[in-house]
Colleague: 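Encoded as structure tokens, here's the structure I'll be asking about.
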Amino acid sequence: MKSAVETLNPTRVRLTVEVPFEELKPSLDAAYKKINQQVSVPGFRKGKIPARVIDQRFGRGAVLEEAVNDALPKFYTEAVNEGELNPLGQPEVDITELKDNELLTFTAEVDIRPAIEIPDYSGIEVTVDAVEISDEDIEKSVQQLRERFATTSAVERAAAEGDVVTVDLEAKVDGEVLEDGVAKGVNYTIGSGELLEGIDDAVTGLEAGGSATFTSELKGGSAQGKEAEVKVDVTEVKARELPELDDDFAQLASEFDTLDELKADSRKRLEQSRKFEQATQAQEKVLDALLELVEVPIPEKLLEDEIQTRKHNLEHHQLGQMGLTLEAYLKIQEKTAEEFDAELKQQAEKGIKTQFILDELVNKEKLSVGQEELTEHLVRRAQSSGMSPDQFAQAVVEGGQVPMLVGEVARGKALAVVVEAAKVTDSNGEVVDLEDDEDETAETVEATSEEAGESAEAASEESAEKSEG
């Protein structure tokens with residue numbers, strides 16, 4: 001077999017493959033055997049029909065077609081390996097010449113991973129927010145804890161902000177009560193913004209037994225997005241009472257004996273949280289700086305598929321779970337369809353570019369993923385998915401997604417290498433010493449390229465599997 005590679009553009013090639021006829025013999029024998037099992041000829045036992053009789057009865061062309069279809073994936077894979085290519089997706093194959101007992105020639109056009117040159121990234125410098133915890137931050141944290149231990153008691157007065165009211169609701173659109181527009185016994189904290197827009201003004205000043213009507217755009221349900229006339233009946237008004245901020249509260253709300261100890265712990269937790277946010281910010285900024293350094297051509301078909309994947313996931317999974325349509329989501333976001341499509345394309349390009357660059361870094365730095373690293377990553381992904389590690393691992397194996405997880409960990413390690421080489425300072429001019437946490441960098445990579453990584457890897461795996469098949 002002889003093969004030649006023609007570069008059509010940085011992300012697409014055409015393979016021209018010539019196969020001497022003798023190399024088709026195993027597939028030709030298999031074709032005769034397969035046809036033998038499928039047909040019957042009077043005078044011959046099933047499976048014992050001579051090749052010449054099959055040629056006469058069914059035509060040599062049918063046998064050749066079967067043989068070529070069987071052999072093409074093998075010869076294509078050999079040509080890919082010979083050309084040291086990294087194909088993405090399935091090739092477009094065209095048989096250009098088939099001479100019986102002489103020669104088979106075919107071409108195969110396929111998208112490939114582009115060749116990427118990784119420049120020196122040691123000069124990357126980024127600035128991140130300083131970790132600063134104010135007394136106001138501590139007070140806010142303790143106040144939030146205090147509100148969790150608030151109690152309520154019924155009062156005989158007009159409702160005010162911060163009160164908890166029990167209400168019955170009835171929504172009408174065009175004068176008709178909606179089937180799903182009636183709710184009774186709903187508890188609502190005035191000022192929380194957790195219910196319908198306009199309800200705060202409507203119930204403020206009402207006592208138990210009072211009613212009001214207001215208009216509001218419905219955010220979900222059968223009349224989502226429509227203006228509704230909502231009648232609200234207040235059945236009870238309850239005042240919220242916060243516990244005193246003292247040592248007794250500290251003992252009630254925590255494992256600490258004094259309020260000072262509780263505040264010290266709050267400061268410590270806030271510092272840890274801000275440091276994590278700082279590390280994530282550093283990783284994102286270093287990644288953006290790295291992306292600016294490298295030119296990466298993107299296969300058009302891969303980009304189209306990635307955009308569609310992201311749009312489908314948003315529309316049918318994320319928004320579907322919230323009961324929102326894409327149109328309603330765009331209205332809430334105050335975006336046009338054109339703006340949304342442009343952002344989606346930008347995100348998809350960044351995701352694919354991120355994966356290609358970090359995969360190249362994995363090869364360049366000779367990074368590998370150990371079993372322990374993979375297990376830790378799997379456990380973390382299981383937690384974020386709400387599944388047990390065993391359930392998640394089973395789903396990953398059954399779905400053939402182990403290579404995807406390995407890729408996520410490897411790319412996290414690659415980004416960690418770049419972050420370690422970069423100079424990171426905070427907004428106060430202090431050098432930030434980031435601990436090497438590959439799980440955190442993997443999170444940053446996932447946030448940027450989760451779907452893109454799956455699309456590109458799936459394209460590579462699909463190509464490999466079908467070629468082998």
Side-chain angles (χ1 to χ4, degrees), residues 147 159-206 209-238 303-351 384-386 446-452 454-455:
E147 289 179 359
E161 184 170 353
D163 287 342
V164 177
V165 288
T166 303
V167 297
D168 296 337
L169 299 166
E170 181 184 84
K172 292 181 180 180
V173 172
D174 298 330
E176 296 291 329
V177 178
L178 301 171
E179 286 186 15
D180 54 355
V182 177
K184 293 187 178 297
V186 177
N187 288 323
Y188 174 67
T189 302
I190 301 176
S192 66
E194 295 174 352
L195 209 52
L196 295 168
E197 188 174 339
I199 192 171
D200 288 338
D201 291 337
V203 298
T204 298
L206 294 182
S211 298
T213 302
F214 63 99
T215 58
S216 182
E217 182 181 314
L218 300 178
K219 302 300 183 184
S222 60
Q224 177 182 304
K226 293 184 178 180
E227 286 285 328
E229 182 183 88
V230 184
K231 180 173 180 288
V232 56
D233 296 320
V234 177
T235 59
E236 188 176 28
V237 178
K238 290 177 283 189
L303 180 59
E304 290 172 7
D305 290 345
E306 177 56 28
I307 291 171
Q308 288 306 312
T309 297
R310 286 176 180 253
K311 191 170 186 176
H312 177 85
N313 287 342
L314 174 67
E315 196 167 357
H316 297 281
H317 297 294
Q318 300 169 38
L319 296 182
Q321 291 175 356
M322 294 187 287
L324 286 175
T325 63
L326 181 59
E327 290 73 19
Y329 169 75
L330 293 179
K331 188 174 181 180
I332 293 169
Q333 295 291 314
E334 297 182 346
K335 291 178 186 174
T336 65
E338 291 75 19
E339 290 171 336
F340 170 74
D341 288 341
E343 284 184 13
L344 203 59
K345 181 180 180 182
Q346 187 179 34
Q347 292 166 3
E349 287 176 340
K350 183 178 180 181
S384 65
S385 70
E446 286 163 37
T448 305
S449 63
E450 183 176 0
E451 298 94 341
E454 290 177 17
S455 295

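Scope of the values below: all heavy atoms of this structure, side chains included, with no hydrogens, waters or symmetry mates.
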Colleague: Main chain of Q318, side chain of N313: is a donor-acceptor contact present, judged purely on distance under 3.5 Å?
Modeller: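 A pair under 3.5 Å: no.
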Colleague: Please find the pair of heavy atoms, one from E306 and one from A348, that lie closest to each other, and give the distance.
Modeller: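 So the two residues come closest at CG-CB, 3.6 Å.
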Colleague: Could you grab the distance from atom OG1 of T215 to atom CD of E229, nearest 0.5 Å is fine?
Modeller: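 If I round to the nearest 0.5 Å, the distance is 8.5 Å.
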Colleague: As a quick check of understanding, evaluate side chain to side chain contact (heavy atoms under 4.5 Å, CB included) for V177 and E170, giving each step before the final call.
Modeller: CA-CA 7 Å; V177 178; E170 181 184 84; 3.9 Å; yes
Colleague: How far does NE2 of H312 sit from CG of D305, to the nearest 0.5 angstrom?
Modeller: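 Interatomic distance, H312 NE2 to D305 CG, rounded to 0.5 Å: 13.0 Å.
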Colleague: Measure across L319 and L326 and return the closest heavy-atom pair with its distance rounded to 0.1 Å.
Modeller: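 Smallest heavy-atom distance, with atoms named: CD1-CA, 3.9 Å.
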Colleague: Answer yes or no: is there an ion pair linking K231 with D168, defined by an N-O contact shorter than 4.0 Å?
Modeller: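 No salt bridge links K231 with D168.
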Colleague: Provide the closest heavy-atom pair for A337 versus L330 in the form atom of the first, atom of the second, distance.
Modeller: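 Here A337 and L330 meet closest at CA-CD1, 4.0 Å.
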Colleague: Is there a donor-acceptor pair under 3.5 Å between the side chain of D201 and the backbone N or O of G198?
Modeller: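 Such a contact is absent between D201 side chain and G198 backbone.
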Colleague: Around atom NZ of K238, are there more than 12 heavy atoms of other residues, nucleotides or ligands at under 6.0 Å?
Modeller: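 Buried by this count: over 12 neighbours within 6.0 Å.
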Colleague: Heavy atoms, side chains only, cut-off 4.5 Å: are V167 and D233 in contact?
Modeller: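 No, every pair of side-chain atoms sits at 4.5 Å or beyond.
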Colleague: Between atom CD of Q308 and atom CG of L303, what is the distance when rounded to the nearest 0.5 Å?
Modeller: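 Going from the CD atom of Q308 to the CG atom of L303 covers 10.5 Å.
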Colleague: Can you list, pair by pair, the side-chain donor-acceptor contacts under 3.5 Å of residues 184-192, counting residues two or more places apart and other chains?
Modeller:
unit_1, atom_1, unit_2, atom_2, d
N187, OD1, T166, OG1, 2.7
Y188, OH, G193, N, 3.3
Y188, OH, D200, OD1, 2.6
S192, OG, T189, O, 2.9
S192, OG, E194, N, 3.4

Colleague: Before you tell me yes or no, could you show the steps for V230 and K172 under side chain to side chain contact (heavy atoms under 4.5 Å, CB included), namely the whole-Å CA-CA distance, both residues' side-chain angles and the distance that decides it to 0.1 Å?
Modeller: CA-CA 6 Å; V230 184; K172 292 181 180 180; over 6 Å; no
Colleague: Rounded to the nearest 0.5 Å, what separates atom NE2 in H316 from atom CD in Q321?
Modeller: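 Result: 13.0 Å between the selected atoms.
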Colleague: Could you go through L344 and K311, starting from their C-alpha distance and side-chain angles, then the distance that decides it, and tell me whether this counts as side chain to side chain contact (heavy atoms under 4.5 Å, CB included)?
Modeller: CA-CA 8 Å; L344 203 59; K311 191 170 186 176; 3.7 Å; yes
Colleague: What closest approach, in Å, do A212 and A202 show between heavy atoms, and which atom pair accounts for it?
Modeller: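 Looks like CB-O, 3.5 Å.
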Colleague: Is it the case that atom CD in E197 sees more than 12 heavy atoms from other parts of the structure closer than 6.0 Å?
Modeller: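 No, not enclosed.
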Colleague: Sort and list the pairs that fulfil salt bridge (Lys or Arg N to Asp or Glu O under 4.0 Å) and have at least one residue in residues 315-339, not counting sequence neighbours.
Modeller: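 Checked against salt bridge (Lys or Arg N to Asp or Glu O under 4.0 Å) - neighbours excluded - the pairs reaching residues 315-339 are E217-K331, K335-E343.
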Colleague: For A223 and L178, work out which heavy atoms get closest and say how close.
Modeller: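 Looking at all heavy atoms of both residues, the shortest contact is CB-CD1, 3.8 Å.
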Colleague: Hey, mind stepping through I199 and L169 against side chain to side chain contact (heavy atoms under 4.5 Å, CB included) and telling me if it holds?
Modeller: CA-CA 10 Å; I199 192 171; L169 299 166; 4.2 Å; yes
